[in-house]
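Remember, predicted model here, so these are calculated numbers, not experimental data.
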Amino acid sequence: MTDLELDEIMTLKWPRVIRRAMVDGDEWERGFAKSIARKSKRASWHPSPKEAAIMRRMVRDLIHAPHEELELIER
């Protein structure tokens with residue numbers, strides 16, 4: 001995973017991954033998402049190949065997940 005890809009995931013996508021894991025994920029996914037968020041605070045941290053693959057899968061699942069239809073307050 002390149003530094004640019006890691007920055008993009010952690011800045012733009014990972015907060016949404018964490019929120020989705022907290023709502024729809026199992027205990028392992030919640031723990032993994034929080035663990036990656038903690039580790040990413042260290043400037044020298046880079047994900048292992050296995051962590052990177054799981055992160056990419058979680059981001060891909062988030063992008064392809066069905067979006068709930070928003071209900072408007074006024075019609």
Legend entry - Ile54 side, atom CD1; Arg56 side, atom CZ - distance, nearest 0.5 Å: 11.5 Å
Legend entry - Separation between CG of Asp24 and CZ of Arg30, rounded to the nearest 0.5 Å: 10.0 Å
Legend entry - Salt bridge flag under 4.0 Å for residues Glu29 and Arg20: no
Legend entry - Smallest separation among heavy atoms of Met10 and Pro15, with atom names: O-CD, 3.6 Å
Check residues 32-45 and write down every donor-acceptor pair under 3.5 Å in which the side-chain atom is one partner and the other belongs to a residue at least two apart or another chain.
unit_1	atom_1	unit_2	atom_2	d
Lys39	NZ	Glu51	OE2	2.6
Ser40	OG	Ile36	O	3.4
Ser40	OG	Ala37	O	2.8

Inset, instruction - Assess whether side-chain contact (heavy atoms from CB on, under 4.5 Å) is satisfied between His46 and Met1, documenting all intermediate values. - result: CA-CA 8 Å; His46 286 280; Met1 182 176 291; over 6 Å; no
Side-chain heavy atoms nearer than 4.5 Å, only ILVMFWY residues, links allowed to pass through others: does that put [X] and [Y] together?
X     : Y     : answer
Leu12 : Leu4  : no
Trp28 : Val23 : no
Ile63 : Leu6  : yes

Inset, instruction - Indicate yes or no: at least one non-hydrogen side-chain atom of Leu62 is less than 4.5 angstrom from one of Met58. - result: no
Inset, instruction - Not counting sequence neighbours, which residues clear side-chain hydrogen bond (donor to acceptor under 3.5 Å, both in side chains) with Arg19? List them please. - result: none
Inset, instruction - Mind checking salt bridge (Lys or Arg N to Asp or Glu O under 4.0 Å) for Arg57 and listing every partner two or more places apart, or none if nothing turns up? - result: Asp61
